[in-house]
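Taking it in order: structure first as structure tokens, then the write-up.
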Amino acid sequence: MTKISSSGPSTPRVAIIGGGAIGLACALELARRGAAVTVFEAGPRAGEGALRASGGMLAGGFEGASGTEARAFADFAARSLTLWDEWAAMLAPHAPSPLGYRRAGSLSPAFRDDDLEWLQRLDVSGVERLMPKEARRLEPSIAPDIRGALLFPEDGELDNRVLGPALAAAIRAEGGVIRESAPVETLLLRHGRAAGVRALGRAFEADMILAAPGAQAPTLREIPETQLIAPVQGEMLALAPGAARLNRAIRGRHVYLTQKPDGRIVAGATARPGVANLAVRSQAVDALRRAAIETIPALGGSEVIETWAGLRPASPDGAPVIGWSALPGVFLALGHHRNGVLLAPATAEAAAAAILDVCDTRFHHTLQVVSA
Ligand code: GLY
């Protein structure tokens, strides 16, 4: 009788460096497809870095049109938006409170001549031009002196502070492990290939490493591509619920506004290339607040209930770096810049497919025909 057995592990073990939007989404997708995943998060809780600091907007239309991203961004963003419908439904049972997923588009208003010029530059195919009356019908709380607006109909938003715990719970439900306060100290290298990570004073062997370290990327010196990533700090604030109701994200020239399920309105954000600290400047908060009130006058009486900063991880051209590293055994999911939440599902899809394909091939090569 001839029996086929595997001399290698039948379940690929993947070590994921980084427990942000990208690391967690990749871990979930890999776990759903049968991999044994362990996430290593440097901070005390997964999902508490840039993901928690973000606006939670799914703004492929706006970000693509505003030219902050490279050209290939549009197709990848569109794929991710399609996946988001599925992901929001999959994550809902794991969310500790409503995820607040909605796809009502995002609206860019103009109040002054220079805003109108800005709108002309944003006016790409697929965008809807709105007269002031139509814009106010969609968003009754917008300032009456609005002179025109664009609607990016595919854009959406969710509550990013709920997304982190929902992703973590979904990973655990699939049998994945999340190690927190666990910065990766070094990679384990064997014959020039990454073979695991060292963290918490121990060695963790893995068949493959997925690097999704966000703005911490440059600390992973053994992975050469991480050195391309630099922080772009952003300051934000939240206004108390009650003063206004937004039906969709508002993407103005000087501020964006997104309302969360508890009614809070989050306003952002500055963009400070190279700033790696989380200090919030009071003049930046004042400027965002003024721009928020100019856009939605009812916010004039709203208290600022929180201010914070986060670090976007940016590559030199602003586009994410997704693919194999020059260091064998490492897959890169770096530099998602302004769009980690938006691009998480498509990144996870691409990363899981690539990693499991290579794992399949490697394990297949270790199959041995054993004569019994
Ligand atoms: N995604 C918006 C921002 O990075 O500020």
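Atoms within a ligand are numbered from 1 in the order they appear, just like the ligands themselves. Start at 1 with the first residue, then count along the sequence.
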Nitrogen or oxygen of Tyr256 less than 3.5 angstrom from that of ligand 1:
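By distance alone, the answer is yes.
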Evaluate His337 for polar contact with ligand 1, using N/O atom pairs at a separation under 3.5 Å.
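No; every N/O pair is 3.5 Å or more apart.
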The protein heavy atom nearest to atom 1 (N) of ligand 1 is Arg338 O, 2.7 Å
Report the nearest protein non-hydrogen atom to atom 4 (O) of ligand 1: residue, atom name, distance rounded to 0.1 Å.
Arg312 NE, 2.6 Å
Please report the C-alpha distance between Arg129 and Asp123 in whole Å, then the side-chain angles of each, then the deciding distance to 0.1 Å, and finally whether the salt bridge (Lys or Arg N to Asp or Glu O under 4.0 Å) criterion is met.
CA-CA 8 Å; Arg129 278 176 235 172; Asp123 191 358; 2.6 Å; yes
Find all atoms of ligand 1 within a distance of less than 4.0 Å from any non-hydrogen atom belonging to Ala269, and give their numbers and elements.
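With Ala269 as reference, the close atoms of ligand 1 come out as 5 (O).
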Arg253 with Asp114: basic N within carboxylate O range, under 4.0 Å
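Yes, charged N to carboxylate O under 4.0 Å.
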Which atoms form the tightest heavy-atom contact between Ala15 and Val197, and what is the distance?
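Here Ala15 and Val197 meet closest at CB-CG1, 4.3 Å.
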Residues forming a ring pair (Phe, Tyr, Trp, His ring centres under 6.0 Å) with Trp308, sequence neighbours excluded:
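Listed in chain order: nothing, the list is empty.
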Are the aromatic ring centres of Tyr256 and Phe62 under 6.0 angstrom apart?
no
